[in-house]
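First up is the structure itself, then whatever we jot down about it.
Keep in mind the model is a prediction, meaning the values are calculated, not measured.
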Amino acid sequence: MLNIQGITKHYDKMENAVDNLTLRVLPGEIFGFLGPNGAGKSTTIKLITGMHTLDSGTITINQFDIKLDTIKAKQNLGYVPDTPNFFLHLKGIEYLNFLKDVYAIPSEKCEQTIKTLATKFNMLHALDDFIQNYSHGMRKKILIIGSLLHDPKVWVLDEPLNGLDPNAVFILKELMREHADKGNAVLFSTHMLETAENTCDKIVIIKHGVKIFDGVMQEVKHKMKSEVSLEKLFMELTKNDKDIN
Ligand SMILES: Nc1ncnc2c1ncn2[C@@H]1O[C@H](COP(=O)(O)OP(=O)(O)OP(=O)(O)O)[C@@H](O)[C@H]1O
């Protein structure tokens with residue numbers, strides 16, 4: 001459903017920020033995207049969204065190529081950026097209604113989704129306030145709500161857990177599971193390994209833009225013949241630069 005094939009991106013530095021990366025997120029899967037600071041996670045996610053252009057490789061979102069069929073690809077994508085400081089001059093409800101118009105979502109359906117999600121995230125009371133006056137976590141929540149209004153086939157979240165309170169983390173994990181269980185694909189980046197371990201069906205670890213692990217925890221445990229934690233695996237892989245996959 002999300003198909004990333006041999007993508008490469010470099011900025012002005014000599015080395016690639018993302019280097020020949022391939023990964024697939026299938027319908028029904030939650031994919032955890034891990035890696036040390038500067039590994040290339042946000043760059044990859046921005047390539048998926050079309051905010052950055054690919055040097056080479058292809059990305060398809062529900063079979064629509066982000067380069068060749070940009071509008072359709074974006075219609076199938078829900079995106080939560082890592083920094084939530086957007087549309088600060090709008091009220092929460094104005095931002096959500098703006099998205100309703102952009103994605104041409106029927107009003108009744110949209111209102112219902114807003115009500116359901118805002119209630120879950122304890123944001124109903126804040127919808128008439130300006131986003132500028134929101135806390136970091138509230139800004140994150142309004143972006144999460146907005147990213148789901150059009151019921152995207154592929155939901156991509158860049159460090160969504162940062163700044164959320166424990167209740168919101170719980171709700172978000174539930175929403176990711178529900179969204180995947182409806183046959184959609186979910187990919188999120190995080191440094192919170194314990195959450196990744198208990199939320200994700202599969203994980204990929206990258207370093208210097210290169211994939212160093214891609215698989216399911218059960219496979220890892222089997223391969224290493226021990227009950228290894230994701231934290232231990234991560235430390236080992238990112239320290240030694242070894243590809244055990
Ligand atoms: N706009 C940019 N211009 C130039 N270099 C950039 C830009 N954005 C990212 N980079 C570089 O690309 C590399 C990958 O950065 P990226 O933000 O994708 O990493 P990340 O895995 O998301 O890191 P973190 O976990 O710290 O958020 C880094 O070396 C970074 O300095």
Side-chain angles (χ1 to χ4, degrees), residues 2 4 7 9 11 17-18 21 23 25 30-54 59 61 66 70-71 73-103 105 113-114 117-118 121 123 126-127 130-165 168-169 171-173 175-176 179 184-192 195-196 199-200 204 206 209:
L2 171 62
I4 297 175
I7 63 166
K9 172 76 182 175
Y11 295 104
V18 179
L21 180 69
L23 63 96
V25 189
I30 303 178
F31 222 95
F33 195 28
L34 314 179
N37 292 132
K41 301 179 297 298
S42 291
T43 300
T44 302
I45 288 176
K46 284 176 182 154
L47 291 168
I48 296 171
T49 66
M51 290 163 70
H52 286 346
T53 51
L54 291 161
I59 295 174
I61 297 164
I66 190 65
T70 309
I71 299 287
K74 288 186 180 183
Q75 283 169 341
N76 281 273
L77 177 73
Y79 166 55
V80 178
D82 51 350
T83 48
N85 305 322
F86 299 103
F87 299 101
L88 301 181
H89 59 291
L90 293 183
K91 292 178 177 178
I93 192 66
E94 289 173 342
Y95 169 66
L96 298 177
N97 283 330
F98 166 70
L99 293 175
K100 179 190 79 175
D101 294 341
V102 168
Y103 289 103
I105 308 163
T113 312
I114 292 172
L117 293 175
F121 280 118
M123 283 288 287
L127 292 181
F130 286 99
I131 296 176
Q132 190 166 295
N133 299 333
Y134 285 5
S135 69
H136 178 86
M138 291 165 79
R139 290 180 189 185
K140 206 110 200 194
K141 289 181 195 178
I142 203 81
L143 289 179
I144 292 169
I145 295 170
S147 72
L148 281 177
L149 292 184
H150 60 298
D151 198 16
K153 288 280 174 201
V154 174
W155 192 22
V156 174
L157 309 94
D158 198 353
E159 301 198 28
L161 305 166
N162 285 2
L164 292 186
D165 65 38
V169 168
I171 298 296
L172 178 61
K173 289 198 291 187
L175 284 175
M176 289 198 284
H179 202 64
N184 302 305
V186 179
L187 177 140
F188 74 101
S189 69
T190 186
H191 292 295
M192 297 185 190
T195 306
T199 310
C200 300
V204 60
I206 64 169

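The two atoms that bring Leu164 and Gly137 nearest to each other are CD2-O, 3.9 Å, heavy atoms only. The shortest heavy-atom contact between Ile131 and Phe86 is CG2-O, 3.9 Å. Looking at every heavy atom in both residues, Pro84 comes nearest to Lys140 through CB-N, 3.8 Å. Lys141 and Ala168 get closest at one heavy-atom pair: CE-CB, 3.8 Å. Ser42 approaches Asp82 most closely through the heavy-atom pair OG-OD2, 3.6 Å. Closest non-hydrogen pair, Gly163 versus His136, comes out as CA-CD2, 3.8 Å.
To the nearest 0.5 Å, atoms NZ (Lys153) and CD (Gln75) are separated by 13.0 Å. Expressed to the nearest 0.5 Å, how far NZ of Lys74 lies from CD1 of Ile61 amounts to 9.0 Å. Interatomic distance, OG1 of Thr53 versus CE of Met51, reported as 12.0 Å (0.5 Å rounding). Atoms CG and CE, on Leu148 and Met176 in that order, are 10.5 Å from each other to the nearest 0.5 Å. Between the CD1 atom of Ile48 and the CG atom of Leu2 there is a distance of 5.0 Å, given to the nearest 0.5 Å. The structure places NZ of Lys46 at 7.0 Å from CG of Asp158, a figure rounded to the nearest 0.5 Å.
Contact annotation: the side chain of Leu21 never approaches that of Lys9 to less than 4.5 Å [non-hydrogen atoms, C-beta and beyond]. By the 4.5 Å heavy-atom criterion applied to side chains, Lys173 and Phe188 are not counted as neighbours. At least one side-chain heavy atom of Met192 sits under 4.5 Å from a side-chain heavy atom of Asn162. Put simply, the side chain of Lys100 does not reach to within 4.5 Å of the side chain of Thr113, judged on heavy atoms. Side-chain contact between Tyr134 and Leu88: absent, with no pair of heavy atoms (C-beta onward) separated by less than 4.5 Å. Between Val25 and Ile4 the shortest side-chain heavy-atom distance does not fall below 4.5 Å. Side-chain atoms of Lys41 and Ile206, non-hydrogen and from C-beta on, do get closer than 4.5 Å to each other. At a threshold of 4.5 Å between non-hydrogen side-chain atoms, the residues Ile171 and Ile144 do not count as touching.
Taking the six-membered ring for Trp and thresholds of 30 and 60 degrees, Phe87 and Tyr95 have ring planes inclined between 30 and 60 degrees apart.
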Task: Audit row: His150, Leu99, side chain to side chain contact (heavy atoms under 4.5 Å, CB included) steps and yes/no - done: CA-CA 9 Å; His150 60 298; Leu99 293 175; over 6 Å; no

TODO: List the steps, then state whether side chain to side chain contact (heavy atoms under 4.5 Å, CB included) holds for Asn184 with Trp155.
DONE: CA-CA 8 Å; Asn184 302 305; Trp155 192 22; over 6 Å; no

Task: side chain to side chain contact (heavy atoms under 4.5 Å, CB included) evaluation trace for Thr49 with Val156 - done: CA-CA 9 Å; Thr49 66; Val156 174; 5.6 Å; no

Task: Candidate pair Leu187 and Val154, rule side chain to side chain contact (heavy atoms under 4.5 Å, CB included), full reasoning - done: CA-CA 8 Å; Leu187 177 140; Val154 174; over 6 Å; no

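No side-chain donor-acceptor contact under 3.5 Å links His179 to the backbone of Asp151. Judged by distance alone, the side chain of Ser147 and the main-chain N or O of Tyr79 form no donor-acceptor pair under 3.5 Å.
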